[in-house]
Amino acid sequence: MLITLVAVLCHGPLCLEKVVTNSEQSGITMRDCQARSQVAIADWMAQNPYGEWKLQRYKCVVGPYVAKGDA
């Protein structure tokens, strides 16, 4: 079963969704996603140009996911 970790990041009034990882890339399970997603997102944000963005929320999605705005 494919699991996708999605972060919603905001910088002022601008918000966007970004796929952080999925089970094909990192082997996460739904339990891992729910329990460890904040750490994974913090690591991901530190390695990407979103350091000044604020994490608004995140979600663990079953199946493939296309971030809003990326379709």
Which atom pairs, one a donor and one an acceptor, fall under 3.5 Å between side chains of residues 35-44 and the rest of the protein, sequence neighbours left out?
residue	atom	partner	partner atom	Å
Arg36	NH1	Asp32	OD1	2.9
Ser37	OG	Cys33	O	2.9

With the 4.5 Å side-chain cut-off for hydrophobic clustering, are Leu14 and Val8 part of the same group?
no

Review item, side-chain donor-acceptor pairs of residues 52-62, under 3.5 Å, at least two apart:
residue	atom	partner	partner atom	Å
Lys59	NZ	Glu17	OE2	3.2
Lys59	NZ	Tyr65	OH	3.0

Please list, chain by chain and in numerical order, all residues satisfying side chain to side chain contact (heavy atoms under 4.5 Å, CB included) with Thr21, sequence neighbours excluded.
Leu5, Gln25, Ser26, Ile28

Would you check if Asn48 and Lys18 make a side-chain contact, meaning some heavy-atom pair closer than 4.5 Å?
no

